[in-house]
Amino acid sequence: MKTRGNPLAMALASILSAGSAAAQSAEPSNTAANTAEENAELEAIVGETVAEEAEPSRFSVYGFMDVGLQRISSITPSLGVALPSEETSFISGNNNLYLEVRPDANWRGLIETRLSLLPHGDYKFQGLGVSERTDTRIIDATSPSGRNNVELGGIVVERAFLEWMYNDYLNVRAGRFFTPWGIWNVDHGTPTLIALMMPSFLVQEAIPQRQTGVQLFGRHNAPPWQLTYDLTISNGRTDTLFDTTDGKAIGSRIVLRRQGELGIAAGTSMYHGDYQDERKTLSITPNQDVQLSKETIVAYDESSVGADLSLDYRGWRLRAEAMVRKVEHDTGKRRALTYRPNQPQVPDRIEYYGYAILAYRFMNYFEPYTFYERLETNKRADVVEAGYSLSGGVNIYFTPAVQLKMQYAHSSFENFLPDRNTTNFWVSRLVMAF
Amino acid sequence: MSDNQPLKFGFADADSSDVGLMVALRRRRFIKAGSALLGGALWQAPSSALFASDEVELAVITHPDLGIQSLDQSTLAAIFLRDLRVWQNKVTLRPLNLPPRSVERVAFDRAALSLDPDRSAQFWIDKMIRGEATPPRQITNATLLRRVVEVVPGAVGYVPVKLVQPGAKVKTVAFIRAGKVVKP
């Protein structure tokens, strides 16, 4: 018999309890024997019910979403033009849906998707010249009116993996997962992060945010201390859904953590991999034969190492990360920089990134924070090459699941434009976990 | 979807739905804050039974086959925060919680996990958003929880001391007394 639900279990428990009491107090008799038999049957039913109670739910749906208001303005006129908008604008941001399945106590599947309005309205500069804007509006031919437009959105697969949990020391995850690196990329979601604005090492993909491959992870517990590890082998950084080289990317992360009133987590992360971009050409040979050819246009090896520290003490929270990335190209396999006449190709380089956030939560509602970030990419090919950003913000917690996050940032940096650039960000998001 | 494949929505087990509890606690904090500002003139003793949580005496119980003799606060926290999932004898641990609005849950979270109800809810939201772990299974009442612990291998829970009678088919491995975890 399959029974489920607390009311039924409680009712059965109540019946059994009453029956047991009667059996204990009554003299043995035929009636009592019948009652004992019924009790045994009820016991089995209750046992089955309570056993089901202890099983994890097999399929769960949860997630988070946020909406916001923001204004980004650049003091450098030419950079202002490059921004999506310099005007005050409402934003429909993340609509992240988690689908989790647990067919067995040791197996789990997790798909996290982001339902997005992108790529509608995305501006792109393809080198010098006029920018292109993506327009996903189409006529809704299925509408009764037959002539109204709809904007097609997109689904971002944030991660999708299968997980096998053997014991505390060995767990295996296979599929597409977030790179186990530092604090921000692991925390990942707006309800969990303190600040809104993503640090530059993630914006500029100094490490790949996600990888497709296999991840081993586990922990050794010595309460209140805990040592955790992550090892990854993956396709690494790739422009397609496949690996363009046989060299696999490897990564690791080790964290020493202490739970308690004083919470500490000190971690170190590593990533090493190669990257290759290819161009395939279909052509006709002088002999009028059809020919397919492949040419490697960009190839490099990269190695990154990072360190991070989290401290929690009463209302105080400190989060800090720093990383170094080294990039070395194969001879002649560099990306061209069409907008830098005196520097035609991306150089080999060492990049440096770091940030720190200090927050204090009081009265349980309010959490003001300050955020400082600094970077030097030595690349001369990105929108932000070198500089700093100083932020102040506040999070207001209406409930544990609903918060208003606000951040003001002043950024000063160098890039491919001739002058040093200054940009001010005022961003806010109303965030809900569900 | 078949009968044995329940669909669960949202952070029900993460206690985020326990708005009533949060509102009550925050009302208390505001009263406290006002009291501090106005020399205590506005302080009113909270009327909710929730705030009697420090007076609750709980027994932390396990399935006897688990073989645990006693648990200290740190190990108990590791089990209920899902950091420790398998016991030394390779039995998978199944921590079981009572509902967040219950006096027992508030007392347990404070004593064993150093988490007040808001922080407890936030902790599990964070864990789930990171894709790491889901919170312990929630059982609707202490009587049923004791029954679950009796029959489910690896089960660990907590109930009022009066529910654990001599001869009970569970092993008491710790007590929660006066806001502290005490070995038996």
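Keep in mind that what you see is a predicted model, and the values were worked out from it rather than measured. So that the names make sense, note that chain A is the first sequence line, chain B the second, and so on, each numbered from 1. Heavy-atom basis, side chains included; hydrogens, waters and symmetry copies ignored.
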Next on the checklist: Please determine whether a side-chain nitrogen of the Lys or Arg among B:Arg82 and A:Asp168 lies less than 4.0 Å from a carboxylate oxygen of the Asp or Glu.
Outcome noted: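 Salt bridge between B:Arg82 and A:Asp168, a charged N being under 4.0 Å from a carboxylate O: no.
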Checklist entry - Atom OG of A:Ser234 and atom CZ of A:Arg176: how far apart are they, to the nearest 0.5 Å? => result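 Those atoms lie 10.5 Å apart.
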Next on the checklist: To check you understand the geometry: which heavy-atom pair defines the closest contact between A:Gln215 and A:Thr232, and what is its length?
Outcome noted: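 Of all heavy-atom pairs spanning A:Gln215 and A:Thr232, the closest is CG-CG2, 3.9 Å.
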Checklist entry - With chain B, which of A:Asp187, A:Thr190, A:Val402, A:Leu110 has the greatest number of heavy-atom pairs at distances under 4.5 Å? => result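 The option with the most such pairs is A:Asp187.
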Please state whether the side chain, the backbone, both or neither of [X] comes within less than 4.5 Å of a heavy atom of chain B.
| X | answer |
| --- | --- |
| A:Asn221 | side chain |
| A:Arg258 | neither |
| A:Glu158 | neither |

Next on the checklist: Can you see whether A:Phe178 has A:Arg159 sitting over its ring - NZ or CZ less than 6.0 Å from the centre and within 45° of the normal?
Outcome noted: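 No, A:Arg159 does not lie over the aromatic ring of A:Phe178.
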Item to check | Toward chain A, the part of B:Glu132 with a non-hydrogen atom under 4.5 Å | outcome: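 Contact with chain A is through both the backbone and side chain of B:Glu132.
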Checklist entry - Side chain, backbone, both or neither: which part of B:Leu115 has a non-hydrogen atom closer than 4.5 Å to chain A? => result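 When you check distances to chain A, no heavy atom of B:Leu115 falls under 4.5 Å.
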Next on the checklist: Does the plane of the ring in A:Trp164 sit parallel, tilted or perpendicular to the ring in A:Trp107? Use 30° and 60° as the thresholds.
Outcome noted: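 Ring orientation, 0 to 90° scale: tilted.
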Item to check | Interface residue of largest heavy-atom contact number with chain A, from B:Ala77, B:Gly131, B:Ser114, under 4.5 Å | outcome: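 Looking at each of B:Ala77, B:Gly131, B:Ser114 in turn, B:Gly131 comes out on top.
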Checklist entry - Do the ring centers of A:Phe177 and A:Phe161 come within less than 6.0 Å of each other? => result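 Ring-ring flag for A:Phe177/A:Phe161: false, centres at least 6.0 Å apart.
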